[in-house]
Amino acid sequence: MAVSPEQEHLTKAFGWAARDSSGLLSPFKFSRRATGKNDVTFKVLYCGICHTDLSMLKNEWGISMYPLLPGHEIVGQVTEVGSNVEKFKVGDSVGVGYLVGSCQSCDNCGNNAENYCPEMIFTSGAKYHDGSTTYGGYSNIMVADEHFVVRIPDNLPLDGAAPLLCAGVTTYSPLRYFGLDKPGMHVGVVGAGGLGHVAIKFAKAMGVKVTVISTSPNKKKEAIENLGADSFLVSRDNGQMQAAMGTMDGIIDTVSAVHPLLPLLGLLKTNGKLVLVGVPAKPLELPVIPLITGRKIVAGSNIGGLKETQEMIDFAGKHNITANIELIPIDYVNTAMERLIKADVRYRFVIDIANTLKSSS
């Protein structure tokens, strides 16, 4: 007989979860494991809303398990640590991103790339090592192995720092790995949304020239004046795109909608790199001739390992980088999901868990 979520573990917990692919979230009682010897337990203060949460809630990828309690941009304050924990103490500001586990024995894990481990365990909607279900950050408390916990710099506001644990490292990692972080380089950012706006901030802090590539001309002023981009291209304007041909060392493509890659490849210099971090629902068409004639690369990148995630958040602290957010109460979350479908947010929803979850539940 299956054990109920409330009885699975010893520590009572509550949050908001969806019971089916309608994705509708409502109050949900469940349980967390007791603090193990390698665990960090923390009170959740804020949790960002990622488009992945929406995809999982709607079972768009066919892998969702219900009840599903999302959230993987989780920040809070440590309340208890296990006897073997060395990096954290009670009172520390910490965060958990997309991963809460991996095999810790494969080549990827050995190279600090747990995000590419074949046995990586997602923070929500997955099965943990002990067979129990993982529940995310739309909840009052979180328990995670210290290896998968990062320290949040004291100078960063926790609400604005939360989205960096997914959106931040998802864009920071390819800039670093593909060598698009050298001062004076020219990098394009496709889409100035939840991912794109932090990509702009990180690239500018690295000394890179940034051009935003967007279908929406009305985003130009915001991209340049508020986000710090150097220039703006309307991708539907053939004249603008033609004038920028062969000018970019690399492009970070954050768009999850189906879109053509050929115009983007044309913007790249010889040896240029187009890195995809968005997740379109359908395959994209990949033209080969521009790759061959320009020795260009089309690559993908998926969040970051834990060492790199800590490096990213420390870099953000040094350069005072946070996400631009709209702070919402938990009982607004279903409306927020509807707005997210329409891309009606600048630029990331963050749930005020500590001040709104208890009263709503």
Side-chain angles (χ1 to χ4, degrees), residues 9-15 31-48 50 69 71-102 104 112 114-115 121-124 128 134-169 172 198 303-323 325 327 330 348 350-358:
H9 294 298
L10 293 174
T11 304
K12 301 301 180 187
F14 58 90
S31 56
R32 298 279 192 196
R33 69 177 184 267
T35 308
K37 61 183 180 180
N38 298 315
D39 287 336
V40 174
T41 296
F42 62 94
K43 176 183 179 182
V44 179
L45 300 179
Y46 301 99
C47 186
C50 175
L69 195 160
H72 55 263
E73 299 177 344
I74 316 165
V75 295
Q77 190 170 54
V78 176
T79 56
E80 186 178 14
V81 297
S83 57
N84 289 351
V85 172
E86 298 179 348
K87 295 188 293 183
F88 305 100
K89 65 182 186 304
V90 172
D92 285 348
S93 295
V94 296
V96 166
Y98 203 59
L99 300 179
V100 290
S102 66
Q104 293 292 285
N112 300 304
E114 301 91 345
N115 51 315
I121 301 171
F122 302 138
T123 301
S124 68
Y128 198 63
T134 61
Y135 295 112
Y138 297 11
S139 59
N140 62 327
I141 59 172
M142 188 72 195
V143 182
D145 185 295
E146 77 164 326
H147 182 80
F148 296 89
V149 178
V150 297
R151 182 184 302 279
I152 308 297
D154 291 338
N155 65 304
L156 290 182
L158 295 183
D159 53 359
L164 299 181
L165 296 170
C166 178
V169 74
Y172 178 92
V198 288
I303 53 172
L306 272 298
K307 181 179 179 181
E308 188 171 47
T309 302
Q310 186 66 64
E311 176 189 306
M312 175 276 305
I313 203 78
D314 290 341
F315 182 89
K318 181 179 179 181
H319 295 276
N320 293 305
I321 294 172
T322 56
I325 67 166
L327 192 64
I330 188 69
R348 206 69 157 182
V350 173
I351 308 168
D352 187 350
I353 297 290
N355 290 318
T356 68
L357 176 61
K358 190 170 184 180

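To the nearest 0.5 Å, the span separating CD1 on I351 from CG on L327 amounts to 9.5 Å. Between the CD atom in Q310 and the CE atom in M312 there is a gap of 8.5 Å [rounded to 0.5 Å]. In this structure, C50 SG and L165 CG are separated by 11.5 Å, a value rounded to the nearest 0.5 Å. With rounding to the nearest 0.5 angstrom, the CG atom of L164 is 4.5 Å from the CD1 atom of I313. To the nearest 0.5 Å, the span separating NE2 on H147 from CG on L99 amounts to 9.0 Å.
Under the 4.5 Å side-chain criterion, counting only non-hydrogen atoms from C-beta, N140 is not in contact with V44. With a 4.5 Å cut-off on side-chain heavy atoms, I353 and S139 do not count as touching. Residues D159 and D352 form no side-chain contact, since every pair of their non-hydrogen atoms from C-beta on lies 4.5 Å or further apart. Between L158 and I152 the shortest side-chain heavy-atom distance falls below 4.5 Å. V100 is not listed as a side-chain neighbour of F122, based on a closest heavy-atom distance of 4.5 Å or more. At least one side-chain heavy atom of D314 sits under 4.5 Å from a side-chain heavy atom of P153. Counting heavy atoms from C-beta on, the side chains of I141 and T11 come closer than 4.5 Å. Side-chain atoms of T322 and P157, non-hydrogen and from C-beta on, do get closer than 4.5 Å to each other.
At least one donor-acceptor pair under 3.5 Å links the side chain of T356 to the backbone N or O of I330. N112 places no side-chain N or O within 3.5 Å of a backbone atom of K307 that could act as its donor or acceptor partner. A donor-acceptor pair under 3.5 Å is absent between the side-chain atoms of N84 and the main chain of K37, judged by distance alone. Side-chain atoms of R151 never come within 3.5 Å of backbone atoms of D92 as a donor-acceptor pair (strictly under, hydrogens ignored). Remark: the backbone N or O of V40 is not paired with any side-chain donor or acceptor of E80 at under 3.5 angstrom.
The minimum heavy-atom distance between N155 and G317, with the atom names listed, is ND2-O, 2.8 Å. The two residues F88 and E146 make their nearest non-hydrogen contact at CE1-O, 3.7 Å.
Inspection of the T123 and T134 side chains reveals no N or O donor paired with an N or O acceptor under 3.5 Å.
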Step-by-step side chain to side chain contact (heavy atoms under 4.5 Å, CB included) determination, V150 to L306: CA-CA 8 Å; V150 297; L306 272 298; 4.1 Å; yes

Side chain to side chain contact (heavy atoms under 4.5 Å, CB included) assessment of L69 paired with F14: CA-CA 10 Å; L69 195 160; F14 58 90; over 6 Å; no

Check the pair S124, Y135 against side chain to side chain contact (heavy atoms under 4.5 Å, CB included), reporting the backbone distance first and the verdict last. CA-CA 4 Å; S124 68; Y135 295 112; 5.8 Å; no

E73/Y46 under side chain to side chain donor-acceptor pair (under 3.5 Å): CA gap, chis, key distance, verdict: CA-CA 8 Å; E73 299 177 344; Y46 301 99; over 6 Å; no

Start with the C-alpha gap between R32 and K12, add the side-chain angles, then the distance that decides, and say whether side chain to side chain contact (heavy atoms under 4.5 Å, CB included) holds. CA-CA 6 Å; R32 298 279 192 196; K12 301 301 180 187; over 6 Å; no

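With sequence neighbours left out, the salt bridge (charged side-chain N to carboxylate O under 4.0 Å, His left out) criterion links D39 to R33.
Counted within 6.0 Å of NZ on K43, heavy atoms from surrounding residues, nucleotides or ligands total 12 or fewer; the atom is thus considered open.
A perpendicular orientation is assigned to the rings of H72 and Y98, their planes being inclined by more than 60° (bins at 30° and 60°).
Of the candidates V94, I74, T41, T79, M142 forms a side chain to side chain contact (heavy atoms under 4.5 Å, CB included) with just one, namely I74.
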